[in-house]
Every structure is written in C-alpha cells, then in structure tokens.
Participant: 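Can you read through this structure? Questions will come right after.
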Amino acid sequence: MASRDQFQRFLFEHSQVRGAWVQLGESFKEITGQAPYPDSVRELLGESLVASVLMSSTLKFKGTLSLQAAGEGALSTLMAECSHDRHIRGLARFDANAVSGETLHELLGQSRMAITITPEQGQRYQGVVPRESETLAGCLEEYFERSEQIATSLFLFANEDTAAGLLLQRLPGHTDDDDDLWNRVNHLAATIEAEELLTLDSETLLHRLFHEETVRLFEPDPVAFRCSCSRERTLAALEAIGKDECYSILDEQGSINMDCQFCHANYRFNRNDIDHLFTGHTLH
C-alpha cells in the first residue's frame with residue numbers, strides 16, 4: 001500500500017469531471033497530538049484538514065487556503081489550513097466539560113464559517129460557507145454551488161489516527177455526456193465506506209469505484225504538517241499590537257513571551273528586541 005500523507009489529483013478522460021483524493025496519517029497525528037482532543041472534536045478537525053487539502057487543489061498560485069469556524073457551542077474555534085505545497089496545520093478550541101454532541105451543529109452551535117484564500121502576492125479573498133447542512137461536507141458542497149457555481153461532491157472521514165477524503169467536481173463547460181458521467185460517478189462514490197477511504201491507497205480505491213470509467217491519475221504529492229510561524233511573523237504581530245502595549249508588557253513582565261497556537265513554539269523578546277522593532281536601533 002502506498003504511504004499515507006499523500007494527495008493525488010485525477011480526472012475522467014474526455015470530460016469536464018475531475019477529482020482529488022487525500023489521506024493523512026502522521027501529519028494528522030502530529031496536529032491532533034498538540035492537545036487532548038475528544039474523539040468528536042478530533043474527527044471534525046481531521047475532516048477540516050482533509051477538506052483544506054482537497055480545496056487547495058483549485059489554487060493556481062502560491063498561497064494558503066484556510067477553513068475557519070467560530071461557534072457558540074462547546075467547540076468555539078475550528079481552523080485548518082493548507083498551503084500550495086501541501087503543508088498543513090490546524091487547531092480546535094473547545095470546552096472539555098461541555099463537549100457532548102458529535103455532529104457539526106451540536107459541537108459548534110450557532111456559528112460562522114468561512115474559507116480564506118491568502119496569496120503570497122495580491123489581495124486576500126474570503127467567502128462565507130453556508131451552515132445549513134448537518135455535515136461539514138454538505139456545507140462545503142453548498143459553498144461551491146453558491147459561490148463558485150461548480151457542482152461538487154465531498155466525502156470526508158476521520159478516526160483516531162487517519163483522516164481521508166475524496167472530491168469530485170463537474171467544471172463549467174460540461175456537456176450532456178458529462179452530465180451522464182457526473183451522475184454515474186456520484187452514484188458510485190456514494191457507496192464508499194469510511195473504512196475504504198481511510199485504509200485503501202488511491203489506485204485501489206479509484207479502481208474499485210470507477211473501474212468501468214477511464215480515469216487518469218496524476219503523480220501524488222506528499223502532505224506534511226508544517227507550521228508557518230516564525231520569529232519575524234511574531235514580531236510583525238507585536239508591531240500590530242502597538243508600541244504602547246508592547247512596552248507596557250515589558251514594564252510589567254520584563255520580556256514578552258508568545259506561544260504559537262499551532263505548534264507551541266515559544267518566542268521570547270526582550271527590551272532590545274522591542275526597541276529595534278519600533279525605533280530601528282537598540283540601546284546597549
């Protein structure tokens with residue numbers, strides 16, 4: 001079986017129907033190992049990470065795509081991010097004493113969900129994800145239908161140590177033949193079981209589902225947990241906080257300590273660091 005932590009595109013020959021597959025193993029365990037996540041929260045975070053990888057396959061530039069949700073339920077924050085080079089990170093904030101449900105709505109309660117695309121060059125884009133479906137996959141399918149006018153089917157699964165997903169899309173310019181193909185492949189994809197998606201490699205899975213169709217598989221890309229935090233980015237965050245607030249913290253604590261929410265890296269800044277940030281020079 002091919003190694004986990006892979007992403008792979010595929011398309012149905014001579015049609016406007018395409019797809020993508022992803023399976024996360026070590027990267028998923030690294031991310032969920034950052035906090036004592038209850039099963040339901042870990043699985044939803046896994047689905048979100050998978051969705052971010054699948055959706056990032058539509059990016060035509062260098063940058064990141066993130067899926068974010070802010071809720072009023074036991075799960076207050078959910079975030080998953082994937083870069084153009086398949087580096088992922090994610091987190092969830094929750095009230096351990098209040099987690100009882102398992103569905104998206106039960107965990108988040110009243111919530112806001114958005115997709116944010118941040119190119120390395122150019123303006124950031126944010127789109128609101130409808131929250132009418134009980135599943136994350138259903139919400140994202142509705143987003144593509146409304147915001148992108150692209151028919152999309154998503155299958156997202158996660159368990160204790162693996163997360164996996166499948167995406168199908170019918171692109172603009174499709175023909176009647178594509179419509180027939182779209183209906184066929186969706187009917188076949190709907191038969192997929194969680195265990196199949198979580199354990200089978202892409203070739204085995206796609207052959208099992210679509211062996212009567214002509215499918216072209218592209219080379220797989222590795223997926224890895226990488227945090228984009230750095231000392232420079234943390235300094236930029238301090239600059240955004242403002243000079244007065246930074247010096248107030250220094251006067252009270254002697255230094256400024258900041259921890260990354262995603263990887264728990266610690267960054268410590270002394271008075272010389274803050275002097276240089278705001279004045280361009282330090283005093284010795």
Side-chain angles (χ1 to χ4, degrees), residues 4-9 18-32 34-35 37 41-71 75 77-93 104 107-108 111-120 124-131 133 135-144 147-148 150 152-159 162-169 197-198 220-229 260-263:
R4 293 179 180 178
D5 299 291
Q6 284 193 341
F7 163 84
Q8 195 164 23
R9 291 188 183 92
R18 67 180 180 186
W21 164 94
V22 66
Q23 195 174 81
L24 307 176
E26 288 304 315
S27 58
F28 177 51
K29 287 190 282 188
E30 284 185 76
I31 290 170
T32 55
Q34 302 289 330
Y37 291 117
V41 175
R42 181 175 60 249
E43 290 172 10
L44 182 56
L45 178 55
E47 291 181 12
S48 302
L49 290 164
V50 165
S52 73
V53 178
L54 292 172
M55 291 187 297
S56 74
S57 67
T58 64
L59 295 181
K60 305 299 183 185
F61 52 80
K62 292 184 177 180
T64 60
L65 181 147
S66 64
L67 173 64
Q68 301 160 296
L75 180 60
T77 302
L78 178 69
M79 179 181 176
E81 180 182 271
C82 182
S83 66
H84 64 276
D85 46 9
R86 314 291 172 232
H87 291 166
I88 60 172
R89 64 178 188 170
L91 61 80
R93 292 199 190 95
L104 182 69
L107 289 168
L108 284 169
S111 63
R112 301 171 302 282
M113 187 179 294
I115 292 171
T116 304
I117 298 172
T118 308
E120 289 185 359
R124 188 176 72 163
Y125 164 82
Q126 188 170 77
V128 176
V129 178
R131 278 286 289 108
S133 174
T135 67
L136 178 61
C139 292
L140 294 174
E141 288 171 352
E142 191 70 22
Y143 165 80
F144 277 105
S147 300
E148 309 294 331
I150 296 177
T152 301
S153 296
L154 273 165
F155 305 87
L156 308 172
F157 297 105
N159 59 19
T162 307
L166 185 73
L167 173 145
L168 297 171
Q169 286 189 323
L197 199 47
L198 291 167
D221 294 332
V223 183
F225 167 49
R226 294 282 189 280
C227 191
S228 57
C229 74
C260 175
Q261 307 170 72
F262 296 93
C263 68

Participant: Ser83: what forms a side chain to side chain contact (heavy atoms under 4.5 Å, CB included) with it, not counting sequence neighbours?
Facilitator: Thr64, Asp85, His87
Participant: Taking atom types as modelled and ignoring hydrogens, do the side chains of Thr116 and Gln126 form a donor-acceptor contact shorter than 3.5 angstrom?
Facilitator: yes
Participant: List the atom of Leu78, the atom of Ala92, and the distance in Å for their closest heavy-atom pair.
Facilitator: CD1-CB, 4.2 Å
Participant: For the residue pair Leu108 and Ala69, what are the closest heavy atoms and their distance?
Facilitator: CD1-CB, 4.0 Å
Participant: Return all side-chain donor-acceptor pairs below 3.5 angstrom for residues 42-51, not counting sequence neighbours, or 'none' if the list is empty.
Facilitator:
from  : atom 1 : to    : atom 2 : distance (Å)
Arg42 : NH1    : Tyr37 : O      : 3.3
Arg42 : NH2    : Asp39 : OD1    : 2.6
Ser48 : OG     : Leu44 : O      : 2.9

Participant: Rounded to the nearest 0.5 Å, what separates atom CD1 in Ile115 from atom CG in Leu140?
Facilitator: 5.5 Å
Participant: Checking Ser57 now: which residues fulfil side chain to side chain contact (heavy atoms under 4.5 Å, CB included) with it, not counting sequence neighbours?
Facilitator: Phe7, Arg9, Ala20
Participant: Give a yes or no on whether the backbone of Gln23 and the side-chain of Gln6 come within a donor-acceptor separation of less than 3.5 Å.
Facilitator: no
Participant: Listed by chain and number, what are the side chain to side chain contact (heavy atoms under 4.5 Å, CB included) partners of Arg112, not counting sequence neighbours?
Facilitator: Ala70
Participant: Can you list everything that forms a side-chain hydrogen bond (donor to acceptor under 3.5 Å, both in side chains) with Ser27? Sequence neighbours excluded, please.
Facilitator: Asp5
Participant: Atom OG of Ser56 and atom CZ of Arg86: how far apart are they, to the nearest 0.5 Å?
Facilitator: 4.0 Å
Participant: Tell me every residue that passes side chain to side chain contact (heavy atoms under 4.5 Å, CB included) with Gln34, counting only those two or more places apart in sequence or in another chain.
Facilitator: Phe225, His264
